[in-house]
Every structure is written in structure tokens, then in C-alpha cells.
Amino acid sequence: MSAELQQLYQQIILDHSKSRHGEGLKEAAEGTVAGQSHQYNPTCGDEITLRVIRNGDTIAAVSWEGDGCSISMAAASVLTDMVGDGLSQTELLGLIDNFREVLRSRGTVEADEEVLGDAAAFSGVSRYPARVKCAMLAWVAAEEAMLASR
Amino acid sequence: MSVVSTPTTLKPADLAIDNQEVRRIRNDFPILSQQVNDRELVYLDSGATSQNPLSVIEAEQEFYEQRNAAVHRGAHTLAVAATDVYEDARETVARFVGAASNEIVWTANATEGLNLLTYSFSNASAGRGGEPARRFALNPGDEIVVTELEHHANLIPWQELAFRTGAVLRYIPVDDDGGLKMDEAASIINPATKIVSFTHASNVLGSITPVAELTELAHKHGALVVLDGCQSVPHMPVDVKVLDVDFLVFSGHKMLGPTGIGVLYGKAELLDSMPPFLTGGSMITKVTMDGAEYLPSPTRFEAGTQQVSQAAALAVAVNYLVETGMERVADWEAQLGQRLVSGLQQINGISVLGPPAGIERIGLAAFDVDGVHAHDVGQFLDDRGIAVRVGHHCAQPLHRRLGLTASTRASTYLYNTTDDVDFLLEAVAGVRPFFGVK
Ligand SMILES: Cc1ncc(COP(=O)(O)O)c(C=O)c1O
């Protein structure tokens with residue numbers, strides 16, 4: 001098996017694709033606001049519904065339901081963990097932009113682990129242009145869900 | 001089975017194809033000797049598009065180097081040469097499926113052939129084509145029948161036609177193995193049925209449909225029969241007169257030919273009374289500012305400057321198949337198909353869609369890997385140089401019926417060896433361990 005394939009399917013990705021964090025849509029509690037987005041990739045059928053719950057400017061929770069390949073499911077799970085730290089809206093948008101830039105770089109932009117944490121494991125995806133959409137699915141959903149909560 | 005040999009010349013020895021012959025065949029296909037991801041390419045996606053022998057690739061080049069001109073226009077030497085090439089190609093393809101030349105309409109692909117039919121019928125429903133076209137007109141309450149197996153290309157055009165005309169679209173369902181429920185077909189096809197359109201071989205299950213039975217049912221009620229031959233014409237002998245279907249569509253790129261060319265066969269008396277779909281230059285006799293009169297079939301359906309180099313190359317592809325012998329091709333691929341399915345069935349966690357080993361199928365099999373998404377399976381196989389198709393293969397309703405959103409499909413052609421199949425099987429056995437699925 002090639003080094004690229006190992007790079008693509010890092011253990012952390014395989015683990016997240018099997019034990020998925022944030023699966024199951026959460027209801028918004030009193031005093032919080034929610035926004036939701038549904039994303040679908042018609043070429044492979046990957047699908048996600050993701051909900052962002054906001055407490056003022058702080059992202060209180062991300063939860064989702066979906067079905068798809070290991071990359072798309074792991075990316076949703078990792079995103080859930082990262083947001084669990086109580087990011088602000090601007091911080092989340094920055095994170096999404098950074099993730100997108102790395103993925104679309106065809107391997108030319110290094111992932112900064114300081115910034116992306118576990119999501120840096122997805123940098124191997126950038127060498128497989130056909131899989132970028134898989135990794136981005138939940139992240140695009142988060143972007144839209146947050147905007148929808150405004 | 002409702003498939004009969006075309007009167008082609010068989011190989012002198014009439015021997016079955018074997019791996020040794022396939023290795024010789026492979027030498028004719030330049031693309032097959034390339035490396036993918038530092039591995040020998042194992043091409044198992046011919047169901048999506050087939051590869052081309054050098055003679056086909058050269059035919060297009062030869063046309064552009066020596067004969068390029070618009071056909072049926074102009075009296076200069078090149079225009080005549082181009083027209084000859086174009087019409088000879090039609091003759092070659094006609095003979096290949098047992099039709100007459102004027103029954104072969106060039107299209108861009110099978111999808112366009114089906115759209116040509118549905119839009120022509122739509123125009124007939126709007127009164128175009130006058131009295132002779134009335135038999136194609138659809139009215140509210142009329143019924144169109146397809147099956148649950150269909151490729152989107154043989155579903156959506158009929159949905160749209162139904163929306164436009166008020167006709168009702170019905171379908172023959174499949175059972176859990178993907179077999180057509182023929183007992184239900186007998187009541188779904190009824191006196192209100194005007195059109196029955198179905199695939200000859202499933203591009204997902206590899207199964208072959210009972211063409212004779214369905215055609216008889218349809219004709220009993222006066223309905224027209226449209227056959228999608230995308231997965232049959234490239235892989236087995238098909239004779240339209242024996243099958244007695246009214247229309248047949250197929251695509252050149254799935255039968256060793258180039259992209260951009262496909263075929264619509266129609267019985268001459270039907271085509272000649274159908275109104276055109278695309279209109280414009282080259283398909284008319286007389287034009288005034290108020291209207292136009294149209295040429296007979298097939299020219300009536302070939303508006304605008306045509307795909308001549310592709311037609312020339314498709315004829316070369318057809319000759320390649322004829323020289324190899326379609327019976328022999330079908331036998332070899334049936335063998336590969338059985339090897340594929342029986343091998344897949346023995347791998348833990350793999351389920352094959354459609355009929356199990358031992359039941360007739362073309363050389364194609366789609367499968368589900370328990371716990372691993374098809375997209376990941378395809379990625380893993382690509383890493384080994386194996387090209388397969390992943391996704392719903394343009395058959396979402398069928399996948400939904402089988403409880404899946406996607407599957408992995410391996411499809412063979414005359415240039416695949418049993419080694420290709422074995423290599424795939426070995427790789428598939430490694431998928432679940434790699435992804436850590438127990
Ligand atoms: C059964 C079947 N019908 C129709 C089509 C459509 O063919 P094309 O895309 O060449 O028009 C295909 C190929 O994808 C097919 O397999």
C-alpha cells in the first residue's frame with residue numbers, strides 16, 4: 001500500500017469514522033439559538049444534517065446526523081470535538097477557512113497542528129482532489145448552520 | 001434467453017477465448033499497458049466506458065488527416081469522401097444489430113437517443129407530425145412502463161414525458177435479488193400502456209432481463225417497446241429483428257468506440273412517421289419562412305453538422321468486435337462474471353447485488369462491503385491500480401430498493417484476463433482488514 005494511502009487514512013481518521021462524536025441531533029436549550037444545514041454530495045451520496053447551537057457569541061454545541069464515507073464521517077466527528085472548546089463564531093469561521101485552504105492546496109499548504117489540532121490529520125486528503133468534498137461536507141454544513149442561526 | 005447470433009463470420013477455429021488470446025487482444029489497447037499509482041493498471045470499469053484499440057484511435061486521426069468535411073453538403077471530393085465514410089459506418093452498425101441502414105440514427109450517446117424518442121413523442125402529443133404520428137401521441141390516462149432497474153437515462157426522460165403529457169409513469173418492481181417481478185408485469189402492462197422501456201442488461205446487477213416476455217406482453221396491448229442496450233450490445237450478440245423491439249439505444253464509448261457517438265435503432269415504418277426532435281440544417285427538404293418539410297429517417301433526426309470522425313471510428317470498433325466474434329466475447333465475459341461473483345461471495349463481509357453465482361449474468365458485479373463505504377473501497381482499490389466504479393451508478397432507485405446508497409462495481413470486457421478478476425478479489429479481501437472492520 002502506498003504512503004499516500006496511509007497518509008489519507010490515518011488511524012485517527014479511521015477511529016473517528018467508527019466511533020463518531022456528535023452524532024445525534026441535539027435540541028437547543030432555553031436561551032440558546034440553533035441553526036441547521038443539510039449537505040448532500042450527489043456523486044457519492046454522502047449526506048449530513050448538522051446543527052450548531054449558539055449561546056451568545058459562543059458556539060455551545062455541534063451535533064449531526066449523516067451517512068457517508070469514512071473521510072466525511074470522521075471530519076464531522078473531529079469538527080464536533082474542536083468546537084466543544086467553546087469557540088467564538090469568528091474563531092469557528094477562521095478554522096473552517098484554514099481547513100478549506102489546506103484541503104484545496106493539492107498538498108502545497110502544510111496543516112498547522114497548533115491551529116487545526118486533530119483536523120490536521122486530514123491534510124492527506126489534499127492529494128486526492130476527488131475526496132476534498134468528502135472532508136469538507138460537515139465543515140461547510142457548520143458554516144451554513146452558523147449563518148442560519150443569526 | 002432471447003439473444004441470438006448475428007450472422008457474423010466466426011473465428012476460423014471457432015475456439016473459445018482464453019487468457020492467451022486476451023493477452024494478444026490487450027496489445028491492441030495502448031492505454032492498458034500504463035501504470036497507475038506505480039502499479040499495472042487493472043481496468044475494471046468498462047461498464048462506465050470502455051477503452052479503445054489503436055485502430056479506433058487511428059481511424060479518427062485518419063479521418064481528420066484525409067477526409068474531413070461536412071457530410072451531405074457540398075459537391076467537392078472531400079465532402080463525398082466524408083459522406084461515404086459516414087454512411088458506410090451506418091451500414092456497418094446496422095449489420096451488427098441486424099437492422100437496415102435507414103433504421104440507424106446517429107446520436108451523441110444512449111441518453112440522447114432516449115431523449116430523442118421522448119421529445120419526438122412529446123411533439124407528436126402536441127399534434128406535430130400529423131395523422132401518421134398520432135400513434136406516438138400520449139394523453140392523460142395513457143401509461144408508460146419502465147422497471148425499477150433502470151439507469152437514470154432510461155427513467156428521467158420518461159418522467160419528463162409523463163409530466164409534459166399527463167401520461168402516468170409506472171414501473172415493474174424488483175425482488176430482493178433484483179429480479180423483475182414478472183407476475184406483476186403481467187398486470188402493470190395493460191391496454192392503457194403505450195410504451196414499455198427497459199434495459200436489456202442491468203448496469204448494476206449484471207442480470208439479463210426477459211426481453212421476449214416483456215416485448216410480447218407490450219405488443220399484445222399495442223404498446224411500443226424501447227430497449228436500452230447499453231450493457232448488452234457491447235457484450236453479446238443482439239439482433240433487433242429477433243428481439244422484435246421497436247427501438248434500441250446504445251452508446252459507442254461502451255463498445256470500444258469513441259465518446260460523442262451513440263445509436264438509436266427504430267423500425268423504419270415507425271421512424272418515418274415520427275416528428276423530429278432537434279431541427280435545423282440538413283434534415284429538411286423544403287423550407288419557407290412559414291415552415292419546413294422533413295427528410296425521411298434517419299436524416300430527419302440528424303440536424304446540424306454531424307459527428308463524422310466518431311462514426312468512422314465506431315465502425316472500426318464494431319469490426320473489431322465482429323472479427324473477435326460476439327458469441328465468443330459473450331462466453332468469455334460470462335466466465336469472468338461467474339468467477340467474479342463466486343469469488344466475491346466467498347469473501348467475509350461482502351455481499352453481491354443481484355443474482356448469485358450460477359445464474360446468468362454479464363461480466364459485471366456490484367457489491368457491498370459491510371462496514372466500509374464504497375468510496376473508501378474504490379480509493380483502496382485505486383491504490384493498487386484497480387479501476388472500479390463506486391457510487392449509485394446512475395441507478396438511485398434501485399440502490400434505495402436494495403437498502404443501499406452506494407456500491408462498488410467491477411465490470412469486465414474482452415481485454416480482461418482471469419488474472420484481473422483474481423487480482424481484484426485478492427484486493428477486496430484486504431479492504432475490511434485495512435479499515436479495521438471486523
Ligand atoms: C444501462 C445504461 N443505460 C444508459 C446509460 C447511459 O449511457 P450514456 O451515458 O453513454 O448516454 C448507461 C451508461 O452509463 C447504462 O449503463
Side-chain angles (χ1 to χ4, degrees), chain A residues 1-20 23 38-49 64-78 103 106-107 121-138 140, chain B residues 35-41 45 48 152 156 204 349 366 368-409 423 426-438:
Chain A
M1 165 189 335
S2 70
E4 284 84 5
L5 197 73
Q6 297 280 23
Q7 226 8 66
L8 177 65
Y9 291 115
Q10 293 185 32
Q11 196 56 45
I12 196 164
I13 293 180
L14 294 183
D15 289 347
H16 271 281
S17 77
K18 287 192 210 86
S19 81
R20 304 168 180 179
E23 211 173 11
H38 177 250
Q39 298 289 324
Y40 178 58
N41 181 351
T43 52
C44 55
D46 286 358
E47 197 161 6
I48 197 164
T49 301
W64 55 277
E65 270 171 11
D67 180 34
C69 67
S70 62
I71 304 289
S72 66
M73 295 296 99
S77 177
V78 166
L103 289 186
R106 298 207 166 213
F122 289 89
S123 59
V125 175
S126 71
R127 294 187 185 279
Y128 295 90
R131 304 305 295 274
V132 170
K133 258 197 168 159
C134 309
M136 284 306 303
L137 196 72
V140 168
Chain B
Q35 303 246 317
V36 165
N37 296 326
D38 302 324
R39 305 282 198 130
E40 296 286 323
L41 168 65
D45 197 19
H152 297 162
I156 304 169
V204 177
D368 178 54
V369 181
D370 186 34
V372 186
H373 193 274
H375 215 153
D376 295 318
V377 177
Q379 195 81 63
F380 178 84
L381 296 177
D382 180 60
D383 195 59
R384 281 164 169 63
I386 304 174
V388 294
R389 175 90 189 260
V390 298
H392 48 62
H393 324 309
C394 299
Q396 283 186 21
L398 178 61
H399 274 83
R400 206 169 290 122
R401 167 64 181 81
L402 300 174
L404 298 167
T405 51
S407 65
T408 305
R409 180 186 74 185
F423 192 60
E426 193 190 315
V428 170
V431 169
R432 294 174 84 237
F434 175 79
F435 287 99
V437 178
K438 289 180 198 86

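As a basis for the values below, the full set of heavy atoms in this structure was taken, side chains included, without hydrogen atoms, waters or symmetry mates. Throughout, protein chains are lettered first and strands after them, A, B, ... in sequence-line order, and every chain is numbered starting at 1.
The environment of CZ in A:Arg127 is sparse: at most 12 heavy-atom neighbours from other residues, nucleotides or ligands sit within 6.0 Å. With a 6.0 Å radius and a threshold of 12 heavy atoms from other residues, nucleotides or ligands, B:Arg39 has its CZ atom above the threshold. The number of heavy atoms from other shown groups lying within 6.0 Å of NZ (A:Lys133) does not exceed 12.
Residue B:Asp382 holds its CG atom at 7.5 Å from OH of A:Tyr128, rounded to the nearest 0.5 Å. Of the inter-residue distances, the one linking B:Thr405 atom OG1 with A:Asp46 atom CG reads 7.5 Å to the nearest 0.5 angstrom. In this structure, the separation between CG on B:Asn37 and OG on A:Ser2 is 6.5 Å, given to the nearest 0.5 Å.
Contact count versus chain B (heavy atoms, under 4.5 Å) is highest, among A:Ser72, A:Ser70, A:Gly45, A:Pro42, for A:Ser70.
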Distance-only donor-acceptor pairs under 3.5 Å for side chains of residues 428-438 of chain B, two or more places apart:
unit_1: B:Arg432; atom_1: NE; unit_2: B:Asp370; atom_2: O; d: 2.9
unit_1: B:Arg432; atom_1: NH2; unit_2: B:Lys438; atom_2: O; d: 3.4

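Contacts of B:Asp376 with chain A are made by both backbone and side-chain atoms, with heavy-atom separations under 4.5 Å. Proximity to chain A involves both the backbone and the side chain of B:Gln379, based on heavy atoms less than 4.5 angstrom apart.
Screening A:Cys134, A:Cys69, A:Ser17 for a side-chain contact (heavy atoms from CB on, under 4.5 Å) with B:His373, the sole residue that qualifies is A:Cys69.
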